[in-house]
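Just so you know, ligand 1 is whichever comes first in the structure, and atom 1 is the first atom listed for that ligand.
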Amino acid sequence: MNTICKNLEDIISRIRRAEQKYSHLSGSVKLLAVSKHHPIEALDTAYACGQIAFGENYVQEMQAKVDTSVKKALNWHFIGPIQSNKTKHIAAIADWVHSIDRLKVAQRLNNQKPVERAAISICLQVNISGETSKSGVNPNDLLPLAEEIRNLKGLKLRGLMAIPAPENNFDKQRATFAKVRCLYEDLNRQGFELDTLSMGMSNDMEAAIAEGANLVRIGTAIFGKRT
Ligand SMILES: *Cc1c(COP(=O)(O)O)cnc(C)c1O
């Protein structure tokens, strides 16, 4: 079996083990394969091994991959920082956008989405490690942003996304993810119907699942190091 398929199999069994360990339903945690900086051939291989959802960080790279891919069944998630002059391209191809952190970008996506396309699923990116990241909405500004976005009919608010500062200690990873989970639960208590907690990467996936992540974004552990 080729490396990418073997890696996918390993990741899926890691996910299943973590679901079991932390008492989540088997199959409840979804895998997003993050293919940024990897060639279309790598995506094709992963697709041939059953992977359908792919995450990309750069608009032009995602566009090029969408154009060359004959696999209409693929599911495209945009997960990178968004410049407002790029929203039109994202609105035309992305099924999901995980990196919404301001209203202006959400409004542009909403207005530019072609009418024939289904509502774009949205996660709000939360800046959970404070100073260390420039992307993401401050937790204090999350509720008002969510309330505005809820009214945009071209978008469907699905959940929260976070990229914590790099950390190797499991308990510390978990403590940060716990903060995101609390924000997610708070919003649902306020009447939102969020169903997606997008957190966990190659290096902190288990800690994220321990805190309720149900969509993990994995690049390196599937495709190898990025060049
Ligand atoms: C690159 C990236 C990932 C994947 O990270 P790995 O450590 O390679 O698994 C996940 N999420 C986002 C937002 C990324 O930019």
request  = Using the six-membered ring wherever Trp is involved, compare the ring planes of F170 and Y22 and label them parallel, tilted or perpendicular (cut-offs 30° and 60°).
outcome  = parallel
task = Could you tell me the residue and atom name of the protein heavy atom closest to atom 9 (O) of ligand 1, and the distance to it rounded to 0.1 Å?
result = S202 OG, 2.5 Å
inquiry  = For F54 and W76, take the angle between the two ring planes, folded into 0 to 90°, and tell me which bin it lands in: parallel under 30, tilted 30 to 60, perpendicular over 60.
reply    = tilted
inquiry  = Need the ligand 1 atom indices (1-based, order shown) with element for anything under 4.0 Å from a heavy-atom of R217.
reply    = 4 (C), 9 (O), 10 (C), 11 (N), 12 (C), 13 (C)
ask   = Between the side chains of S135 and Q125, does any donor sit under 3.5 Å from an acceptor?
value = no
ask   = Measuring from K113:NZ to I90:CD1, what's the distance to the nearest 0.5 Å?
value = 15.0 Å
request  = Starting from atom 10 (C) of ligand 1, find the nearest protein heavy-atom neighbour and note its residue, name and distance.
outcome  = M201 SD, 3.1 Å
ask   = Any side-chain donor paired with an acceptor under 3.5 Å for N203 and N168?
value = yes
key: Short side-chain donor-acceptor distance under 3.5 Å, K104 and Q107   = no
inquiry  = Check contact between M205 and ligand 1, using heavy atoms of the residue and a distance below 4.0 angstrom.
reply    = no
ask   = With S121, which of H98, K156, R158 fulfils side-chain hydrogen bond (donor to acceptor under 3.5 Å, both in side chains)?
value = R158
query = Any idea which atoms of ligand 1 are less than 4.0 Å away from a heavy-atom of I218?
reply = 9 (O)
query = Should N203 be listed as contacting ligand 1, given a heavy-atom distance under 4.0 Å as the test?
reply = no
inquiry  = With heavy-atom distances below 4.0 Å as the criterion, list the atoms of ligand 1 near R226.
reply    = 1 (C), 8 (O)
request  = Find all atoms of ligand 1 within a distance of less than 4.0 Å from any non-hydrogen atom belonging to I163, and give their numbers and elements.
outcome  = 13 (C)
task = Looking only at non-hydrogen atoms, find the nearest pair between V126 and P139 and report the distance.
result = CG1-CG, 4.1 Å
inquiry  = Show me which atoms of ligand 1 lie under 4.0 Å from any heavy atom of T220.
reply    = 6 (P), 7 (O), 8 (O), 9 (O)
query = Is A221 in polar range of ligand 1, meaning some N or O pair under 3.5 Å apart?
reply = no
query = Counting from 1, what ligand 1 atoms have a heavy atom of N57 closer than 4.0 Å?
reply = 14 (C), 15 (O)
remark   = re atom 14 (C) of ligand 1, the protein heavy-atom contact at minimum distance is K36 NZ, 2.9 Å
ask   = Quick one: nearest non-hydrogen protein atom to atom 12 (C) of ligand 1, plus distance?
value = I79 CD1, 3.6 Å
H37 and Y58: CA distance, side-chain angles, deciding distance, ring-ring contact (aromatic ring centres under 6.0 Å, His included) verdict = CA-CA 9 Å; H37 294 334; Y58 305 94; 5.2 Å; yes
